Amino acid sequence: MTEERSAVVVRDVRKSYGELKAVDGVSFTVAEGEFFGILGPNGAGKTTTLEIIEGLREPDGGEVRLLGESPWPRNVKLLPRIGVQLQASSFFDKLTAKEQLQTFGSLYGVNSTRADEMLELVGLTDKANEQENKLSGGQRQRLSIACALMHDPDIVFLDEPTAALDPQARRNLWDVLRAIQKRGKTIVYTTHYLDEAEILCDRVAIMDNGRILALDPPAVLVRGLDAPTHVTLQKGVLSVVDATALEGVEEAHEDEVSLTISTRRPAPVLSALAERGALDGLQVRTATLEDVFLNLTGREYRA
Amino acid sequence: MTAFKTLSLAMFKGFIRDKVTLFFTFLFPLMFLIIFGLILRDVGADKTKIAVVGDGPVVSALRDSGVLELEPYNDADAAVRKVKDGDLPAALIVRGQQLDVRFAQSDQVKSATVLGIINGFVDKANLAATGQPPRFTFAAEKVEDASLKPIQYLTPGILSWGIAVSAVFGSALTLVSWRRKQVLRRIRLAPVSATSVLSSRLLVSAGVALVQGGVFVGVASLPVFGLKLSGQWWLAIPLLMLGTIAFFALGMLVGAFAKTEEAASAAANIVVLPMAFLSGTFFPVDQAPAWLQTVSKIFPLRHMNDGMLDVLVRGKGIEALAVPAAILTGFALVVGFLASRVFKWEE
């Protein structure tokens, strides 16, 4: 990946607030068309990093290039090429969904007919004439993403778009985000949901205390962890002793409802279980980004 | 459409859809206009009332003239008691050809007026009794002294106040709400200048001020209030615009310091209310003590009031705008400059 083809280049960016090092030497590049996730608990420095890239804050040190240009100080040439959805839902007072889109579009000199297309993209066509404050949390998030897309930017920055949404609304939003990526946009987004990042992102950067701890595609991060796979069975189909005796099993234990087997070689374990007809209630859980986080920081992930 | 036009339209829509703002912009000042207009309508028309016992040609002439209000009593003692108690300034007791007046000493001005009036009617009756034509004739006619009728100073005062309130609140609340909701940040990320955003909001305020002017003057001109505009009333329009700009700038300054809408609204009230009272919104400053008149000159609203009064009801020409316009422009420049220095995009 050469830097000329990169949508975002961040080199050793630093930002302190007094004693607090909010961003402490962060570097990464995002390719054009990539879905890039910045992941970490609250206070990890995700939002500050994003704000520096967007050109809202000046870094204390380091360099940022967006499509080959510096976003700081306010770079008017660059602004039409980036779309930013903010953490709070920022809308004009008392305007309908469609009017919000038209108004935001007008800031970029965009024809207001595009509003209908955007409403359709985020599935709000039937809410076009509803005032923004009458929409649900998920609908507002989708509307604010649509507002960020009105001027057809090349790079879209989304700051925790799925925070505080119910599971159904989150899934609806995932569909929207995938549709945006299909349009060839580069997406940089922050989240504190590890499961979501695993599903959506091409690559994720795991941040904690202002630093990037790991940066890779989610599958690579998980595989590199060398964490055991957990196979769970209904209690009673197999005894703990029998389970421990199976080839490849590292450890087995039982609680009131189930038997859990840990293994790094799930293939022979599963075939042995199949031979014995002991597949009742079978569940296989492989390591997730949460395990990666635990491994990197030595503490349980708490969003 | 250009950003300026769409933004103005967006803010105009936001304005007319907000019932609370509409209330405080139009109905609230109008309530003051109506209440004060009705309460003060008959001020100055109050006639002196005296007690009367008996009847005769002099009494009927007095009654027909309507100069004094006559309260009839059957009993002279009762009438005199009214004077003694201080309820009435004088009692006129008629016994055939004899007219006695008993008057209170406390209010010598009023008593003298009453005595003079009654004396005049007695003389007239005497003259009529002689059958001689009068050698000197005397005629008196009422003059409508326009600028002294309450509605004439209430309307310009309440109009200036209403415009100041909506411009200060409009800009302060918009600024604070946009900063809190990060709309400002969103605007900063768009290739649009702060000036066009600001001026579109100012355009909405100016439009609102014009409508306020039309509505307030329209209501005050209803026969029940009886406002009479003087010749060059349209000179109020440039004054209205300058006032809007000056108070819009003041709102930007308030909005730069306030963190929440509640704080902005409290701060705006603290700035606007005392200014309104001391600038002659509800009573003419000319009647206030001299020191208060001096103090009131530091307020831009006082000068806007003066200008409004001059061009709306005193029939003065464009020269009356010079001082108010200079002061409002200066105020707008200074406060606008300060506001731009302390302006914050984010909390």
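It should be emphasised that the depicted structure is a prediction, and the values quoted were computed from it without experimental measurement. To find a chain, count down the sequence lines: A is the first, B the second, and so on, and within it residues start at 1.
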OG on Ser106(A) to NZ on Lys5(B), rounded to 0.5 Å: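 If I round to the nearest 0.5 Å, the distance is 11.0 Å.
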Separation of Lys181(B) NZ from Ser90(A) OG (nearest 0.5 Å):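 So the gap between those two atoms works out to 8.5 Å.
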Look at atom [atom1] of [X] and say whether more than 12 heavy atoms of other residues, nucleotides or ligands are closer to it than 6.0 Å.
{"X": "Phe12(B)", "atom1": "CZ", "value": "no"}
{"X": "Phe343(B)", "atom1": "CZ", "value": "yes"}
{"X": "Glu120(A)", "atom1": "CD", "value": "no"}
{"X": "Lys344(B)", "atom1": "NZ", "value": "yes"}
{"X": "Trp72(A)", "atom1": "CH2", "value": "yes"}
{"X": "Phe23(B)", "atom1": "CZ", "value": "yes"}

Salt-bridge present (Arg17(B), Asp93(A); N to O < 4.0 Å):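 Result for this pair is no, no salt bridge flagged.
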Ion pair Arg185(B)/Glu54(A), N-O distance below 4.0 Å: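 Result for this pair is no, no salt bridge flagged.
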Contact summary for Ala3(B) and Leu107(A), nearest pair of heavy atoms: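 Heavy atoms only, the tightest pair is CB-CA, 4.3 Å.
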Nearest non-hydrogen partners of Lys13(B) and Leu95(A), listed with the distance: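 Looking at all heavy atoms of both residues, the shortest contact is CB-CD2, 3.8 Å.
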Side-chain touch [X]/[Y], heavy atoms, less than 4.5 angstrom:
{"X": "Lys94(A)", "Y": "Met11(B)", "result": "no"}
{"X": "Leu56(A)", "Y": "Arg188(B)", "result": "yes"}
{"X": "Val183(B)", "Y": "Phe91(A)", "result": "no"}

When Phe104(A), Phe92(A), Tyr108(A) are compared by non-hydrogen pairs under 4.5 Å with chain B, the top option: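 Ranked by heavy-atom pairs under 4.5 Å with chain B, first place is Tyr108(A).
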Residue selection (most heavy-atom pairs with chain B, distance under 4.5 Å) from Arg57(A), Gln102(A), Lys77(A):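 Top count of heavy-atom pairs under 4.5 Å with chain B: Arg57(A).
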Which portion of Gln100(A) sits near chain B, non-hydrogen atoms under 4.5 angstrom: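 Contact with chain B is absent: no heavy atom of Gln100(A) under 4.5 Å.
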Side chain, backbone, both or neither of Arg81(A) within contact of chain B (heavy atoms, under 4.5 Å):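 Neither part.
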For Phe24(B), ring-ring contact (aromatic ring centres under 6.0 Å, His included) partners two or more places apart: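 If we apply the ring-ring contact (aromatic ring centres under 6.0 Å, His included) test to Phe24(B), skipping adjacent residues, the hits are Phe28(B).
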Proximity breakdown for Ser196(B) and chain A, heavy-atom pairs closer than 4.5 Å: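 Interface part for Ser196(B): neither.
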Structural part of Trp345(B) lying under 4.5 Å from a heavy atom of chain A: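 Interface part for Trp345(B): neither.
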Top contributor to chain A interface from Leu189(B), Val192(B), Ile187(B) [non-hydrogen pairs under 4.5 Å]: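 Most pairs with chain A among the choices: Leu189(B).
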